[in-house]
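Report on the following structure.
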Amino acid sequence: MKFITPNTKMHKKYPSKVSYGLLVFIFVIFFAPFIFDLLNNGLGQLVSLVLVVLLFLYGFILHMFFQTGYSVENGQLKIKMGFFSFRSININEIKKISKTSSILSAPAPSFDRIEIRHGDFGSIIISPKDKISFAKDLSELNPEINNNLI
């Protein structure tokens with residue numbers, strides 16, 4: 001059994017895959033209702049205010065999508081989504097890596113996702129751009145992982 005130790009010096013970053021279709025969908029949901037109002041009534045003060053708020057919110061979503069990433073440092077899988085960092089996962093506790101089609105909210109700005117099962121009942125859904133390389137690297141550090149990707 002080859003488990004990683006805290007002295008392991010692997011430091012590697014994995015960018016997240018981003019679904020541009022999902023970004024377009026969110027954009028349409030946010031701004032489509034205003035198209036008819038703008039065509040019929042023009043740009044009123046209230047509509048302007050709502051559009052500005054929605055633009056800031058959409059900018060925040062863009063930031064979250066493009067600043068999502070995963071890293072392996074000192075035996076820990078670290079997950080960061082925009083300004084938020086999730087609890088680190090000890091790679092020795094990872095039990096299984098598999099593809100998933102779950103649409104649950106997750107630090108995964110794409111529908112091309114994988115699920116990582118860890119600990120007794122823990123699970124997280126992520127979307128690394130290169131899922132195979134990511135899974136191989138984790139399996140190298142913990143050969144006990146049931147890796148359904150490779």
Side-chain angles (χ1 to χ4, degrees), residues 6 9-139 141-142 145-150:
K9 297 294 182 195
M10 180 183 210
H11 292 285
K12 196 164 182 184
K13 294 187 180 220
Y14 306 87
S16 181
K17 187 173 189 176
V18 175
S19 172
Y20 293 100
L22 184 57
L23 283 174
V24 169
F25 176 75
I26 293 169
F27 184 86
V28 168
I29 294 295
F30 274 28
F31 299 104
F34 293 98
I35 293 173
F36 297 112
D37 194 47
L38 287 172
L39 292 175
N40 293 331
N41 303 326
L43 192 61
Q45 193 173 13
L46 179 61
V47 172
S48 298
L49 178 65
V50 171
L51 284 175
V52 167
V53 170
L54 286 177
L55 280 171
F56 276 114
L57 185 58
Y58 191 71
F60 177 73
I61 291 170
L62 285 174
H63 173 75
M64 298 289 281
F65 268 51
F66 290 106
Q67 294 302 314
T68 296
Y70 320 103
S71 63
V72 172
E73 299 175 24
N74 300 322
Q76 300 287 317
L77 172 61
K78 298 183 178 196
I79 300 167
K80 187 164 170 58
M81 185 174 193
F83 305 111
F84 305 103
S85 292
F86 290 74
R87 183 180 65 85
S88 296
I89 298 169
N90 185 331
I91 295 172
N92 284 335
E93 294 180 4
I94 296 176
K95 302 203 182 322
K96 184 177 181 181
I97 302 173
S98 58
K99 285 192 78 145
T100 184
S101 57
S102 172
I103 59 169
L104 293 176
S105 178
S110 171
F111 288 124
D112 187 13
R113 300 168 159 196
I114 61 175
E115 180 178 21
I116 296 179
R117 296 217 170 251
H118 58 90
D120 289 332
F121 304 106
S123 174
I124 192 155
I125 297 171
I126 61 174
S127 62
K129 192 178 278 188
D130 184 356
K131 297 183 302 291
I132 303 299
S133 173
F134 176 80
K136 281 182 181 178
D137 288 347
L138 290 179
S139 291
L141 294 171
N142 178 0
I145 294 174
N146 179 2
N147 190 337
N148 293 334
L149 297 182
I150 54 175

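Fair warning: this is a prediction, and the values are worked out from it, not measured in the lab.
The 12-atom threshold is not exceeded at NZ of Lys129, counting heavy atoms of other residues, nucleotides or ligands nearer than 6.0 Å. In Phe66, the CZ atom is crowded: over 12 heavy atoms of neighbouring residues, nucleotides or ligands sit closer than 6.0 Å.
Across all non-hydrogen atoms, the minimal contact from Asn142 to Ile91 is ND2-O, 2.9 Å. Pairing each heavy atom of Phe84 with each of Met64, the nearest pair is CD1-CE, 3.3 Å. When all heavy atoms of Ile114 and Thr100 are compared, the closest pair comes out as C-CG2, 3.8 Å. Listed here is the closest heavy atom pair of Phe65 and Val18: O-CG2, 3.6 Å. Closest approach of Arg113 to Ala106, counting heavy atoms only: NH1-CB, 4.3 Å. Considering every non-hydrogen atom in both Pro109 and Thr68, the closest pair reads CD-CG2, 3.9 Å.
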Q. Checking side-chain contact (heavy atoms from CB on, under 4.5 Å) for the pair Asn74/His11: CA distance, chi angles, key distance, verdict?
A. CA-CA 7 Å; Asn74 300 322; His11 292 285; 3.7 Å; yes
* To do: Apply side-chain contact (heavy atoms from CB on, under 4.5 Å) to the pair Leu141 and Val72, showing each step before the final yes or no.
  => CA-CA 10 Å; Leu141 294 171; Val72 172; 3.7 Å; yes
| Derivation and outcome, side-chain contact (heavy atoms from CB on, under 4.5 Å), residues Val52 and Ser48 | CA-CA 6 Å; Val52 167; Ser48 298; 5.5 Å; no
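Atom NZ of Lys95 sits about 10.0 Å away from atom CZ of Phe121, to the nearest 0.5 Å. Within the model, atoms CD1 of Ile125 and OG of Ser98 stand 9.5 Å from one another, a figure rounded to the nearest 0.5 Å. Distance check: Ile97 CD1 to Phe134 CZ gives 6.0 Å after rounding to the nearest 0.5 Å. Atom CZ of Phe30 sits about 10.0 Å away from atom CG of Leu55, to the nearest 0.5 Å. Rounded to the nearest 0.5 angstrom, Ile61 CD1 and Phe27 CZ are separated by 11.5 Å. Put simply, NZ on Lys99 and CG on Asp112 are 5.0 Å apart, with the number rounded to the nearest 0.5 Å.
Each side chain to side chain donor-acceptor pair (under 3.5 Å) pair with one or both residues in residues 115-126, not counting sequence neighbours, appears once here: Glu115-Arg117, Glu115-Ser123.
Side-chain contact between Ile89 and Ile79: present, with at least one pair of heavy atoms (C-beta onward) separated by less than 4.5 Å.
Between the side chain of Tyr14 and the main chain of Ser127, no donor-acceptor pair closer than 3.5 Å is present. Of the possible polar contacts, none joining the Lys136 side chain to the Leu138 backbone as a donor-acceptor pair under 3.5 Å is found.
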